[in-house]
There are 2 protein chains.
Amino acid sequence: MNDSPLAALRQAIPGLHLKTDPADLEHYGRDWTRRWTPAPLAIALPGDIAQVQAIVRWANAAGVALVPSGGRTGLSGGAVAARGELVVSLERMNRVLGFDAVDRHLVVQPGIALEAVHEAAAAHGLAYPVDFGARGSCSIGGNIATNAGGIRVIRYGNTREWIAGLKLVTGAGELLDLNRGLVKNSSGYDLRHLAIGSEGTLGIVVEATLKLAEPPPPAQTMLLALPAFDVLMRVFAEFRARLGLQAFEFLTERGLRHVLAHGGSNPFDTVYPYYVVTEFDAADEVQQAAGLAAFEACSEQGWILDGAIAQSQAQAQQLWRLREGITEAVARYRPYKNDVAVRVSAMPQFLAEAQRLLGEAYPQFEVVWFGHIGDGNLHINVLQPDEVDDAEFMAQCGHVTGLLAELLQRHGGSISAEHGIGLVKKAHLGSTRGDAEIAAMRGIRRALDPNGVMNPGKLFD
Amino acid sequence: MNDSPLAALRQAIPGLHLKTDPADLEHYGRDWTRRWTPAPLAIALPGDIAQVQAIVRWANAAGVALVPSGGRTGLSGGAVAARGELVVSLERMNRVLGFDAVDRHLVVQPGIALEAVHEAAAAHGLAYPVDFGARGSCSIGGNIATNAGGIRVIRYGNTREWIAGLKLVTGAGELLDLNRGLVKNSSGYDLRHLAIGSEGTLGIVVEATLKLAEPPPPAQTMLLALPAFDVLMRVFAEFRARLGLQAFEFLTERGLRHVLAHGGSNPFDTVYPYYVVTEFDAADEVQQAAGLAAFEACSEQGWILDGAIAQSQAQAQQLWRLREGITEAVARYRPYKNDVAVRVSAMPQFLAEAQRLLGEAYPQFEVVWFGHIGDGNLHINVLQPDEVDDAEFMAQCGHVTGLLAELLQRHGGSISAEHGIGLVKKAHLGSTRGDAEIAAMRGIRRALDPNGVMNPGKLFD
């Protein structure tokens, strides 16, 4: 029975690469959530835009749902295919298509890895400044679909700020060439920004024109050890006021211990309750001295217990690993992840209440949390104990997420800062977006994907 | 007959301020285009969000169209009410509602003038960096509706980059509270960005949370006199490579002569064919010297014939007036305006072809053109001779705009860089947006404004 739509697909697109081996279905049908059993119909690997359009038209005709697929490093289930969908992997469309030195634009296909974008920009003496731990395996198309943030948002903003143009194949199979690299373009609705962060529910990103920036100034990387949670925002305020921050990332003792157990190296002789990894402009001696002065001012107040300054690129990478290695280090526990945000001004109060809530709500589970303090973004990882079965674990985490969603709503926050809603958080979308907003989103979706073939069940039902 | 819906409106909103005097209908029914005869039903001046919502609900029930109205400095007819619409003037909703030093956000009502926003930001030691000539009379709501650009885009981007949150009353009368000042928020479609630049066709902006920036570094303002058009992009390249440009604006002898006739003062003894007003970072002697070095390098090449450096704030304002005063100086000729953009890299070729086209197409009309060279944005003002009647003039300008639209399409440009489409350019929207894009826009509009009460006939029919 299932073969008949696939036969039609093969007939419609003679040269299309298709995978149907069980191992491929398993591999391409899931992302980093590991919570749903992959069950795609097949995997299509288009080689160009015309093939993507033909796939979407086939999907409309055959009534088969599509799941766009990049590096599948997503943490919200946005790329999961568990209901007989055709996975559309963009991994073969992974090239740099062009560079313009005057515009400072890099044109890329969606399947290119973030790290390859970094390298291509660096080859022209420029930088693509969005960055995060999954850089080696995530794809730019996926970054766009979730408006990915990461560790440099405090300086450079989210993916959204760096997209000068997008080509999108809509759910109706139309190719939209959006904004085309223009700096100024006030000619109706900006569908480029509508597509960014839409999690594959409006169409498939098939090409992107990325803005590039001057490389960031030379930076100093510092690890700070903090005695208590309630000094965190004070250290942040002090550092922000004195320095040109490029990053300011927070983690706890628990996160550090997991990374150390997973091969990280501790620059201190002991383990402290809280840590910050920060990077700040250090182009000259004045800026370097300002970094030390900020450190000393906080130390004198008793807000910082210890510190380490990277003396080399290798040492900086070791310090960064303590923060960036957490996701990988806890992956074996299949953590339940919250990825929440509030306004920066709301952070102190929110963090205090969230800490209390999590302490009470998860007496039996280990909670590893960390975050991008300067952006108001907190990541909460609840680790699944070996002795607790999936259903019980998920039920408990879902319950606590409901409490957290209420807390967020009170503080005007978001249930997803940078991972997207996907499958994991769609039950809680209403904590962040009002009924009328969600109704408007549904209406917009119908306008671009009238038959609902694009990633159905993600974001909302 | 017309009184009956107004009676219903008065009954629905007892305290609503309404104006129906002929002079008010004339005043509030038009914008700077002066091409349509104002004929609104009445002017409503709501005092709060609830009144705006009640007006929109009334409009849906009564079948009356609404035209949102800010400072009516628009140049595309977006705020024209010529078909019995109710004008919704936001001028009474013009207050600063809040400021947050940690978030660096200013919360304002939509009717506040851009200049009042500048002053409010400055009072907190910060800056709202979008700026242009109409600052004293345009409103922030109108800036948002057209994604206004202006003279600092080269450094700071368009209005879009500075909106951290928006409250929008949709065409269905729903109040959407969009993004709420969050730095990170990946929770479905970004309706904030959809509303920005939508020219009042999706809803009415009733509140905005603006991002503020550090004040720009001290700058030097320079006027450059150029001998010929074809050196313009070379001077720009040289200045951009050597300096931190804050502005780089181009004008011609014709524009200068109009400003001089209108009270501007010429810093040179003679008049040159082309001019640039530029502003660049000059925080210290090194940067100031770099400015002089750029000037000298271009002078040695023969690309610059003369120059003037402002020695005071007053002198800088005099130089700026030569560029910013053009729109006002030519206003009495009711100019037909084009506001076009291409990628910066496409500028040299496009400018050469556009210059040829305009020279051939308008043998009998005076054309004043100027622009934001660093953003790829060119403004073309065709002045109406006293002896040519409106119909003939508009027919000829419409014809040339068609030729210009073809040229833009070939260069991947936009028929509206920063003024919006409104009434003036809707016939040419298809030169910039594909059929499928326009169809998607119509569908999105239906989702947010099902009965089509919001500014119908603007952007598209």
Side-chain angles (χ1 to χ4, degrees), chain A residues 100 102-103 146-147 149 153 158 160-161 170 172 174-178 180-191 193-194 196-198 202 341-345 372 375-377 412-421 429 432-434 436-438 440-441 443-444 446-448 459-460, chain B residues 100 102-103 146-147 149 153 158 160-161 170 172 174-178 180-191 193-194 196-198 202 341-345 372 375-377 412-421 429 432-434 436-438 440-441 443-444 446-448 459-460:
Chain A
D100 188 287
V102 174
D103 294 324
T146 55
N147 185 25
V153 172
N158 299 291
R160 180 180 300 289
E161 321 297 334
T170 69
E174 301 280 2
L175 175 63
L176 308 186
D177 189 0
L178 301 171
R180 292 173 281 110
L182 294 164
V183 176
K184 282 182 166 180
N185 181 16
S186 182
S187 63
Y189 311 157
D190 196 326
L191 304 181
H193 279 294
L194 186 66
I196 298 168
S198 64
L202 299 177
V342 294
R343 290 190 314 283
V344 180
S345 61
H372 316 283
D375 320 323
N377 179 193
S414 175
I415 192 72
S416 177
E418 58 181 357
H419 295 171
I421 298 295
L429 181 61
T432 304
R433 310 294 296 262
E437 279 186 78
I438 295 172
M441 288 198 265
I444 289 166
R446 277 192 296 273
L448 274 85
L459 192 47
F460 37 61
Chain B
D100 189 287
V102 174
D103 294 324
T146 54
N147 185 27
V153 172
N158 300 291
R160 181 181 301 289
E161 321 297 333
T170 68
E174 301 279 2
L175 175 64
L176 308 186
D177 189 1
L178 302 173
R180 291 173 280 108
L182 294 164
V183 176
K184 283 183 167 179
N185 181 16
S186 182
S187 62
Y189 312 156
D190 196 325
L191 304 181
H193 279 293
L194 185 67
I196 298 168
S198 64
L202 299 176
V342 295
R343 290 190 315 283
V344 181
S345 62
H372 316 283
D375 320 324
N377 179 192
S414 173
I415 192 72
S416 177
E418 57 181 357
H419 295 170
I421 297 296
L429 181 61
T432 304
R433 311 294 296 263
E437 278 186 79
I438 296 172
M441 288 199 263
I444 289 166
R446 278 191 295 275
L448 274 85
L459 191 48
F460 38 61

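We name chains A, B, ... by the order of the sequence lines, and we start the count at 1 in each one.
- When each of A:I438, A:L202, A:V342 is checked for heavy-atom pairs under 4.5 Å with chain B, A:L202 comes out on top.
- Top candidate by heavy-atom pairs under 4.5 Å with chain A, chosen from B:V102, B:I421, B:L194, B:L429, is B:V102.
- For A:T170, the side-chain contact (heavy atoms from CB on, under 4.5 Å) criterion is met by A:L168, A:A172, A:E174, A:L176, A:L448, not counting sequence neighbours.
- Only the side chain of A:D100 has a heavy atom closer than 4.5 Å to any heavy atom of chain B.
- For the pair B:S186 (side chain) and A:T146 (backbone), a donor-acceptor distance under 3.5 Å is present.
- Heavy-atom pairs under 4.5 Å with chain A were tallied for B:S198, B:S187, B:G420; the largest tally goes to B:S187.
- For the atom pair A:T432 OG1 and B:D177 CG, the distance stands at 11.5 Å (nearest 0.5 Å).
- Between B:H193 and A:H193, the angle of the ring planes stays under 30°, which puts this pair in the parallel group of the 30/60° scheme.
- When the candidates A:S416, A:A440, A:G149 are compared by the number of heavy-atom contacts under 4.5 Å with chain B, A:S416 comes out ahead.
- The side-chain contact (heavy atoms from CB on, under 4.5 Å) test applied to A:N147 returns A:N158, A:T159, A:R160, A:I196, not counting sequence neighbours.
- Of the atoms belonging to A:V153, it is side-chain heavy atoms, and not backbone ones, that fall under 4.5 Å from chain B.
- A distance of 10.5 Å separates CG of A:N377 from CG of B:N185, quoted to the nearest 0.5 Å.
- Looking at A:R180, its side chain does come within 3.5 Å of a backbone N or O of B:G412 through a donor-acceptor pair.
- Inter-residue side-chain proximity for A:R433 and B:L191 is flagged as met; some heavy-atom pair is nearer than 4.5 Å.
- Remark: the backbone N or O of B:S345 is paired with a side-chain donor or acceptor of A:D103 at under 3.5 angstrom.
- Shown here for A:A341 and B:K184, the closest heavy-atom pair between the two residues is CB-O, 3.4 Å.
- Of the listed residues A:L459, A:L182, A:I415, the one with more heavy-atom pairs under 4.5 angstrom with chain B than any other is A:L182.
- Of the listed residues (A:G188, A:G376, A:A447), the one with the most heavy-atom contacts under 4.5 Å to chain B is A:G188.
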